[in-house]
Amino acid sequence: MGNEKKAVTPYDLEGRLPIAQAIPLGLQHVLAMFVGNLTPIILITGGAGITDSALLVTLLQNAMLIAGVVTLVQLFTVGPVGAKLPIVMGTSSGFIGVCQSVSKVMGGGVLAYGAIMAASLIGGIFETVLGSFLKPLRRFFPAIVTGTVVLSIGLSLISVGVGSFGGGTSAKDYGSMENLFVGFVVLVIIVILKHCTKGITSYSSILIGIIVGYVLVAVMAQILPTTFTYVNEAGETVEAAKAWILNWDKVADASWFAIPKIMPVKLVFDARAIVPICIMFVVTAVETVGDISGITEGGLGREATDKELAGGVMCDGLGSSLAALFGVLPNTSFSQNVGLVAMTKVVNLFAISIGGIFLIACGLFPKLAALISIMPQSVLGGAAVMMFSSIVVSGIQLVTKTPITGRNITILSVALGLGYGIGANTQILTHLPQQIQLIFGGSGIVPAAIVAIILNIVLPKDKEV
């Protein structure tokens, strides 16, 4: 063997890529999760009736900063904390339902938001302890269980991707020809670059597709009408801007530099918030196990180790506690980015750390954040439909890692049919206690995971042949 040094590629976990290669690959990850990182805070503060725009700007700024910091911990580890895997962290959408319920119970306002933060601080510590005991709990997460969780994560995201593809489900011109055209162009560009080119254009297909989307909508704004009329609920004809328009005013209005504030809201310790949010932290630990399994299977072609799972869950917990001190909702692994890794196979930690550094920069330089925040949903949707489907494929690969026995078929069928089916059709839970609705309703990931874990414990093991 010679001692010549093998060049580092984006498919190598360790090693330092050339910066010109690392920057676009890291940026892809930020673009994939940026909107999802901010949406939960907008929804929760809106639901709590917080109208202080300066506070909201501070919370959104802190959300980007914390996501960047916790991502770097997850990538490079601090002691036992962190998985040392290509995981991007961000504000969890899984907590939206439980936080909205807590806010309602506590009468809304900054007081309720402070109670959510205090509960997140405690819940994060609770999840960290849970992560440190993950090794003895690992036997409850064989490939059939983690594969089922990964599958349900992918299935729950597909409708989100398609919603974005049409311009965003809340857009008044949702599904318009222009939105579909933009999403379709972005998707086609990504597929062509991914499979018909080599090197940086193939690795960075998502980023290039999104940039093409930005250019396309900017050109469309010059030649097509940018507003349309529709009839609202009151029967009035109203004029609105089309969903694919770039709102450059947002970038112009954003400040160049801002220092993040610690504890922008006062922590309020209240059992009504602490109990349901701690339960949700158990759920999110299971989801993180699924995300980590999806990344190792989709990006590295192997199962996750005990150390990776424990470190990843502990980073989830401590990251969430840190987030609470900055007024930010719990931080967890982002499933969108699991899809990106599964699709591109780019796992290089240095490249993804550029994304983490960029997120920190967005927290310090609001103009940069504004530029990404104006991305039309249809542009993101063009990339999302393919990324999210890649998670489903990773789930299938995990499930089929072991022989497809009758026992495994039963676990998968019941978990997806009953578990995922209930979660995706929450009306079926209407007459059950609110706590059960909060835990099982929403995405389908949680009930599918719980059903798979229970069946794996209860069903007799297949006899060795």
Side-chain angles (χ1 to χ4, degrees), residues 13 70-90 92 94-95 120-153 277-300 302-323 330-335 337-338 341 349 391 394-395 398-399 401-402 411 415 419 439 445-458:
L13 191 65
V70 183
T71 295
L72 292 179
V73 173
Q74 192 70 280
L75 294 173
F76 299 116
T77 71
V78 175
V81 179
K84 208 164 190 186
L85 287 171
I87 298 167
V88 177
M89 305 292 284
S92 171
F95 283 82
S120 299
L121 179 71
I122 292 170
I125 295 164
F126 173 58
E127 190 187 358
T128 307
V129 173
L130 196 67
S132 64
F133 288 106
L134 205 63
K135 193 172 181 179
L137 298 173
R138 178 73 196 270
R139 63 196 177 90
F140 298 116
F141 299 104
I144 185 65
V145 172
T146 51
T148 303
V149 175
V150 173
L151 254 175
S152 55
I153 288 170
I277 285 174
C278 277
I279 291 169
M280 197 60 214
F281 269 100
V282 177
V283 169
T284 203
V286 174
E287 196 173 333
T288 298
V289 167
D291 278 342
I292 294 170
S293 302
I295 275 186
T296 53
E297 182 58 52
L300 299 165
R302 62 170 175 81
E303 280 193 56
T305 65
D306 290 335
K307 191 180 174 188
E308 286 166 343
L309 289 174
V313 171
M314 287 165 81
C315 184
D316 244 32
L318 279 184
S320 297
S321 294
L322 176 68
N331 264 239
T332 59
S333 54
F334 248 58
S335 301
N337 299 81
V338 177
V341 170
L349 297 177
I391 301 177
S394 294
L398 267 170
V399 166
K401 253 200 166 349
T402 49
I411 292 172
I439 295 165
I445 300 165
V446 176
I450 290 170
V451 171
I453 290 166
I454 291 170
L455 285 177
N456 179 58
I457 295 166
V458 170

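Residue indices begin at 1 and follow the sequence shown.
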Going by heavy atoms in the side chains, are T296 and E308 under 4.5 Å from each other? yes

Atom pair CZ/CG of F281 and L130 - distance to nearest 0.5 Å: 11.5 Å

Closest approach of A415 and V451, non-hydrogen atoms and distance? CA-CG1, 3.6 Å

Donor-acceptor pairs under 3.5 angstrom involving side-chain atoms of residues 142-149: please list them, not counting sequence neighbours.
residue, atom, partner, partner atom, Å
T146, OG1, P142, O, 3.3
T146, OG1, A143, O, 3.4
T148, OG1, I144, O, 2.6

Before you tell me yes or no, could you show the steps for V286 and I450 under side chain to side chain contact (heavy atoms under 4.5 Å, CB included), namely the whole-Å CA-CA distance, both residues' side-chain angles and the distance that decides it to 0.1 Å? CA-CA 9 Å; V286 174; I450 290 170; over 6 Å; no

Output for pair (I292 CD1, L309 CG), nearest 0.5 Å, gives 5.0 Å

Is there a side-chain contact between L151 and V399, using heavy atoms and a 4.5 Å cut-off? yes

Which heavy atom of T332 sits nearest a heavy atom of S92, and at what distance? OG1-CB, 3.2 Å

Treating Q74 as the side-chain partner and A83 as the backbone partner, does any N or O pair qualify as donor plus acceptor under 3.5 Å? yes

Close side-chain approach of K84 and L349, heavy atoms under 4.5 Å: yes

How far apart are the closest heavy atoms of G124 and T128, and which atoms are they? O-OG1, 2.7 Å

Within 6.0 angstrom of R139 CZ, more than 12 heavy atoms from elsewhere: no

Can you give the donor-acceptor pairs under 3.5 Å from side chains of residues 315-322 to other protein atoms, not counting sequence neighbours?
residue, atom, partner, partner atom, Å
D316, OD1, S333, N, 3.3
D316, OD2, T288, OG1, 2.5
S320, OG, D316, O, 2.7
S320, OG, N331, N, 3.1
S320, OG, N331, O, 3.0
S321, OG, L121, O, 2.9
S321, OG, I125, N, 3.2
S321, OG, G317, O, 3.4

Side-chain contact test, heavy atoms from C-beta onward, threshold under 4.5 Å: evaluate it for E303 versus S293 and give yes or no. no

With E127, which residues qualify under side-chain hydrogen bond (donor to acceptor under 3.5 Å, both in side chains), at least two apart? none

Is the shortest side-chain heavy-atom distance between P330 and T284 below 4.5 Å? no

Within the side chain of T71, is there an N or O that forms a donor-acceptor pair under 3.5 Å with the backbone of M89? yes

Would you say I87 and D291 make side-chain contact, with heavy atoms under 4.5 Å? no

Got V282 and C278 here, is their nearest side-chain heavy-atom distance under 4.5 Å? no

Side-chain contact, heavy-atom cut-off 4.5 Å: D306 with L134? no

